[in-house]
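Please read all numbers here as calculations on a predicted model, not as lab measurements.
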Amino acid sequence: MSTGRTRAVRLTRWGGPPVLTEVPRPVPTGEEVLVQVEAAGLCRSDLHVIDAQPGDLPYRTPFTLGHEVAGRVVERGPQAVGPSVGERVVVYGPWGCGYCAHCASGAENYCDRRPILDTNQAGTGAGLGRDGGMADVLLAPSGRLLVPVGDLAAVRAAPLTDAGLTAYHAVATVRPSFTCGAEVVVLGIGGLGHLAVQILRATTTAQVLAVDVREEALALADQCGAHFGTLLRPDTAEVLRSRTGGTGAAAVLDFVGSHSSLELAIAVLRAGGELAVVGSGGGELTVRKPGALPPGARISLPFWGTLPELGRVVALAREGALRVEVERFALSGATEAIERLRSGSVRGRAVLVVD
């Protein structure tokens with residue numbers, strides 16, 4: 001058992017900024033497992049948490065940020081299950097109650113008791129009110145939340161737990177709705193979108209059509225296997241519809257969620273198509289019959305993903321079918337990474353490496 005102090009990037013007050021400070025090194029009890037962090041991903045969800053004002057989120061400060069975590073098991077509580085000391089793992093981020101119907105099936109992202117957990121301000125996951133992985137170590141409440149990754153590089157493994165998992169879950173949500181060779185539009189080729197393109201190519205026969213506002217993002221989409229890419233312009237809906245023979249796309253994955261992206265999604269979706277809104281860009285949809293949505297359209301709001309899905313994401317990465325584009329920053333350089341992310345200048349996913 002080790003004691004002492006350890007570093008952590010903490011949100012000490014709403015509105016930030018986060019600070020790198022020292023905290024007591026946790027000691028696992030019961031089912032808890034201590035993970036020595038090797039890498040922690042950073043995403044726009046972290047910005048939403050950092051920028052939140054008092055009362056916006058049902059958590060209490062201070063807490064350590066970071067919900068994309070890869071590392072090595074170093075200590076286990078006496079009742080711990082799962083990976084052994086020394087095993088390299090990623091940490092499943094949405095921590096549910098562990099025993100409701102959803103949690104029992106591995107879907108802790110849809111925990112039935114989450115509203116109660118939120119009301120109690122206990123925090124609902126790593127870096128979400130509970131101490132996360134932008135630190136030297138992370139204390140996981142149970143070994144059930146750890147997925148072994150073998151020799152997969154930590155810097156590419158950490159983002160799989162959100163960027164990879166959320167993209168996989170979004171694809172799985174719409175996949176039953178389209179047939180062989182159907183067109184699927186991916187809006188936003190960032191940290192999640194570039195992985196969605198790869199997942200579509202690896203798990204479906206869809207024709208992948210990518211849209212972004214940046215030329216470099218379209219280059220990344222092409223690198224990831226997209227069949228076609230276009231910048232967001234006034235005629236983009238017409239261009240995409242022409243690629244589908246005029247019928248529209250079988251599915252649209254919107255990783256932006258802004259007014260303009262949702263407007264485009266509706267314009268290119270075919271009758272009976274699936275729209276998965278993943279991004280939190282502040283856009284709104286009006287659901288009305290008759291209205292702008294095509295007949296038979298289905299809308300989903302996928303959130304994160306399930307534990308079994310995380311296992312499949314890790315397997316795809318270990319097979320070489322899924323590769324995260326990353327920019328590395330030292331843990332001590334978290335402030336720079338946050339500002340780069342805020343400015344939109346990060347290519348792929350920002351990852352903090354414990355230095």
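- Residues forming a salt bridge (charged side-chain N to carboxylate O under 4.0 Å, His left out) with Arg7 (at least two apart in sequence, or on another chain): Asp136, Asp355.
- Both Val174 and Phe255 belong to a common hydrophobic cluster when Ile, Leu, Val, Met, Phe, Trp and Tyr are linked at side-chain heavy-atom distances under 4.5 angstrom.
- At least one side-chain heavy atom of Leu47 sits less than 4.5 Å from a side-chain heavy atom of Ile338.
- Using a 3.5 Å distance cut-off with no hydrogens or angles, the side chains of Glu32 and Thr29 do pair a donor with an acceptor.
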Full working for side-chain contact (heavy atoms from CB on, under 4.5 Å) between Leu293 and Ile299:
CA-CA 10 Å; Leu293 286 164; Ile299 303 169; 3.7 Å; yes
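- The aromatic rings of Trp304 and His67 lie perpendicular to each other, with more than 60° between the two planes, well past the 30° mark.
- The two residues Gln36 and Val137 have their closest heavy-atom pair at CA-CG1, 4.2 Å.
- Of all heavy-atom pairs spanning Leu253 and Ala170, the tightest one is CD2-O, 3.8 Å.
- Residues Leu192 and Leu232 do not share a hydrophobic cluster, clusters being chains of Ile/Leu/Val/Met/Phe/Trp/Tyr side chains in contact below 4.5 Å.
- Between the side chain of Ser142 and the backbone N or O of Leu145, no donor-acceptor pair lies under 3.5 Å.
- Using a 4.5 Å cut-off on side-chain heavy atoms (C-beta onward), Gln198 and Cys224 make contact.
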Between Phe303 and Thr166, is a side-chain contact (heavy atoms from CB on, under 4.5 Å) present by the stated rule, with each step listed?
CA-CA 7 Å; Phe303 172 68; Thr166 301; over 6 Å; no
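- Val351 is not listed as a side-chain neighbour of Phe329, based on a closest heavy-atom distance of 4.5 Å or more.
- Thr205 and Cys180 get closest at one heavy-atom pair: OG1-CA, 3.3 Å.
- The CD atom of Glu68 lies 9.5 Å from the CG atom of Leu165; values are rounded to the nearest 0.5 Å.
- In this structure, Arg76 and Val73 have side chains that are in contact, with non-hydrogen atoms separated by less than 4.5 Å.
- Under the 4.5 Å side-chain criterion, counting only non-hydrogen atoms from C-beta, Asp131 is not in contact with Leu138.
- A side chain to side chain contact (heavy atoms under 4.5 Å, CB included) with Tyr92 is found for one member of Leu146, Thr161, Leu310 and no other, namely Leu310.
- Looking at Glu336, its side chain never comes within 3.5 Å of a backbone N or O of Gly333 through a donor-acceptor pair.
- Contact record, Arg156 with Leu160: O-CG, 3.5 Å, taken as the closest heavy-atom pair.
- Here the closest non-hydrogen pair linking Val313 and Gly164 is CG2-O, 3.9 Å.
- By the neighbour-count criterion of 12 heavy atoms within 6.0 Å, atom CZ of Arg323 is sparsely surrounded, having that number or fewer from other residues, nucleotides or ligands.
- Note that CH2 of Trp14 and CD of Gln53 are 10.0 Å apart. Values are rounded to the nearest 0.5 Å.
- Salt bridge annotation for Asp51-Arg44: absent, with no cationic side-chain nitrogen under 4.0 angstrom from a carboxylate oxygen.
- A side-chain N or O of Tyr99 and one of Arg113 form a donor-acceptor pair less than 3.5 Å apart.
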Can you check salt bridge (Lys or Arg N to Asp or Glu O under 4.0 Å) on Glu325 and Arg347, steps first, answer last?
CA-CA 7 Å; Glu325 183 74 17; Arg347 177 181 167 91; 3.3 Å; yes
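- Checked by atom type and distance alone, the side chain of Ser300 never pairs as donor or acceptor with a backbone atom of Pro302 at under 3.5 Å.
- Between Val85 and Val74 the shortest side-chain heavy-atom distance does not fall below 4.5 Å.
- Put simply, the side chain of Val185 does not reach to within 4.5 Å of the side chain of Gln207, judged on heavy atoms.
- At a cut-off of 3.5 Å, with distance as the only test, a side-chain donor of Glu309 or His169 sits close to an acceptor on the other residue.
- Arg88 places a side-chain N or O within 3.5 Å of a backbone atom of Leu152 that can act as its donor or acceptor partner.
- One distance of note links CG of Leu307 with OG of Ser105; it measures 9.5 Å at 0.5 Å rounding.
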Does Arg270 form a salt bridge (Lys or Arg N to Asp or Glu O under 4.0 Å) with Glu183? I'd like the steps, not just the answer.
CA-CA 10 Å; Arg270 78 180 183 193; Glu183 293 87 3; 5.6 Å; no
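- Put simply, Leu316 and Val147 are part of the same group of oily side chains (I, L, V, M, F, W, Y) that touch within less than 4.5 Å, one to the next.
- Donor-acceptor pairing under 3.5 Å is recorded for the side chains of Arg10 and Thr64.
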Should Leu231 and Leu218 be marked as a side-chain contact (heavy atoms from CB on, under 4.5 Å) after you check the CA-CA gap, both sets of side-chain angles, and the distance that decides it?
CA-CA 8 Å; Leu231 290 172; Leu218 295 184; 3.7 Å; yes
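- Using a 4.5 Å cut-off between side-chain heavy atoms of Ile, Leu, Val, Met, Phe, Trp and Tyr, with links allowed through other members, Val184 and Val239 fall into different hydrophobic clusters.
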Could you please spell out the steps behind the salt bridge (Lys or Arg N to Asp or Glu O under 4.0 Å) verdict for Asp162 and Arg349?
CA-CA 11 Å; Asp162 179 6; Arg349 207 64 164 172; 3.7 Å; yes
List the steps and the verdict of side-chain contact (heavy atoms from CB on, under 4.5 Å) for His194 and Asp212.
CA-CA 11 Å; His194 86 287; Asp212 204 284; over 6 Å; no
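- No chain of hydrophobic side-chain contacts below 4.5 Å, direct or via other Ile, Leu, Val, Met, Phe, Trp or Tyr residues, connects Val171 to Val256.
- In this structure, His259 places its NE2 atom where only 12 or fewer heavy-atom neighbours from other residues, nucleotides or ligands lie under 6.0 Å away.
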Carefully, step by step, assess Asp235 and Arg241 under the rule salt bridge (Lys or Arg N to Asp or Glu O under 4.0 Å).
CA-CA 10 Å; Asp235 66 342; Arg241 276 201 166 270; over 6 Å; no
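- The two residues Leu301 and Tyr110 make their nearest non-hydrogen contact at O-OH, 4.4 Å.
- Remark: of the listed residues Val37, Leu11, Leu20, Asp46, Asp46 is the sole one forming a side chain to side chain contact (heavy atoms under 4.5 Å, CB included) with Met134.
- Rounded to the nearest 0.5 Å, atoms CZ (Arg72) and CG (Leu34) are 13.5 Å apart.
- One distance of note links OG1 of Thr203 with CZ of Arg312; it measures 10.5 Å at 0.5 Å rounding.
- Proximity of Leu57 to Val49: side-chain heavy atoms (C-beta onward) are separated by under 4.5 Å at one or more points.
- Between the side chain of Glu108 and the backbone N or O of Gly96, at least one donor-acceptor pair lies under 3.5 Å.
- Once rounded to the nearest 0.5 Å, the distance linking NE2 of His227 with CG of Asp222 reads 11.0 Å.
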